[in-house]
Amino acid sequence: SGLITGATIWSTHFIATLAFEPGYEHGYETGRTVLSFVIAVVGSLIANGAVSYIIGRSKFAVAGASFGLTVAAMHYVSMSAFQIPGEIYWQPALVAASVIIGTGLSVACYYRIVFPVSQYSWASAAVLMGLSITSLHFIGMSALEVRLNDTTTVPPQVISEHVLVIMIASVVTVVLFVGFSAISIE
């Protein structure tokens, strides 16, 4: 479940990132792009493990905080991989707001998962999780400031958008394969 959740978060993040067209040469540094995938998978595994194995009423808080902080770490590590002919600056107040709001909504999501009030509580949990991820992403991206610099170039070793599309498609294919395999086992 950690692989499926983490790969889904990572893939959707990079699909949104591919939609960001700054109008100048750019790419993604390989090591941090891969690290962001590992963070998403391991962090999702921790959050799913917390909600499954921690005994007590507070497990929703541990799971929700783990999930929210995982999404935040994946987002900002992957954005640090974004290479441009210039420098990227972050507005600290908006970065903090994105992490706090995203994590708070994640905790609310896991609260609804752990303490359902009806058979349809999964729907409100799904909405809260979606709001958690999208609020972190859009508030975080509003904190981004790009300052172009003619003396800075994009290194040739970066991952191009074309290669990133292939990576995303591969990850999504694995996620679908694992998901359908798990369903067939049950």
Side-chain angles (χ1 to χ4, degrees), residues 1-49 65-92 94-103 105-106 129-179:
S1 69
L3 174 64
I4 292 171
T5 305
T8 302
I9 294 164
W10 183 86
S11 297
T12 55
H13 168 78
F14 274 102
I15 289 169
T17 302
L18 287 172
F20 177 63
E21 181 52 56
Y24 39 82
E25 184 183 6
H26 60 280
Y28 303 88
E29 190 269 324
T30 305
R32 287 179 277 182
T33 301
V34 172
L35 177 60
S36 69
F37 178 79
V38 172
I39 288 169
V41 171
V42 171
S44 296
L45 183 63
I46 291 168
N48 292 344
S66 297
F67 184 82
L69 294 172
T70 292
V71 174
M74 183 277 312
H75 175 82
Y76 289 109
V77 167
S78 67
M79 289 308 298
S80 75
F82 189 60
Q83 302 292 301
I84 58 166
E87 297 174 12
I88 294 177
Y89 294 92
W90 296 94
Q91 296 177 29
L94 287 174
V95 170
S98 74
V99 174
I100 291 166
I101 292 169
T103 301
L105 287 166
S106 293
M129 184 172 283
L131 287 172
S132 165
I133 294 167
T134 55
S135 64
L136 183 133
H137 174 78
F138 287 112
I139 294 169
M141 290 304 287
S142 70
L144 176 78
E145 181 182 337
V146 174
R147 296 183 189 161
L148 296 178
N149 183 341
D150 292 339
T151 63
T152 306
T153 60
V154 176
Q157 304 89 346
V158 298
I159 300 172
S160 70
E161 286 190 341
H162 302 294
V163 172
L164 189 58
V165 167
I166 293 168
M167 288 173 62
I168 293 168
S170 299
V171 167
V172 169
T173 301
V174 168
V175 166
L176 290 173
F177 178 76
V178 169

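All figures in this text were calculated on a predicted structure; none of them were measured in a lab.
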Given I39, I46, T103, the one that forms side chain to side chain contact (heavy atoms under 4.5 Å, CB included) with L69: T103

Side chain E29, main chain R32, donor-acceptor under 3.5 Å: yes

T33 backbone acceptor or donor facing S78 side chain under 3.5 Å: no

Student check: side-chain heavy atoms of M79 and W90 closer than 4.5 Å: yes

Any T12 side-chain heavy atom under 4.5 Å of H137 side chain: no

N48 side chain near F67 side chain, heavy-atom distance below 4.5 Å: no

For the student: nearest non-hydrogen atoms of V99 and A72, plus distance: CG2-CB, 3.8 Å

Which atom of L136 lies closest to which atom of G68, heavy atoms considered: CD1-O, 4.4 Å

Side-chain touch I4/T8, heavy atoms, less than 4.5 angstrom: yes

Check against side-chain hydrogen bond (donor to acceptor under 3.5 Å, both in side chains), S98 and Y76: CA-CA 11 Å; S98 74; Y76 289 109; 2.6 Å; yes

Side-chain touch S44/I9, heavy atoms, less than 4.5 angstrom: yes

Any S132 side-chain heavy atom under 4.5 Å of V71 side chain: no

Closest heavy-atom pair and its distance - I101, S135: CG2-OG, 3.7 Å

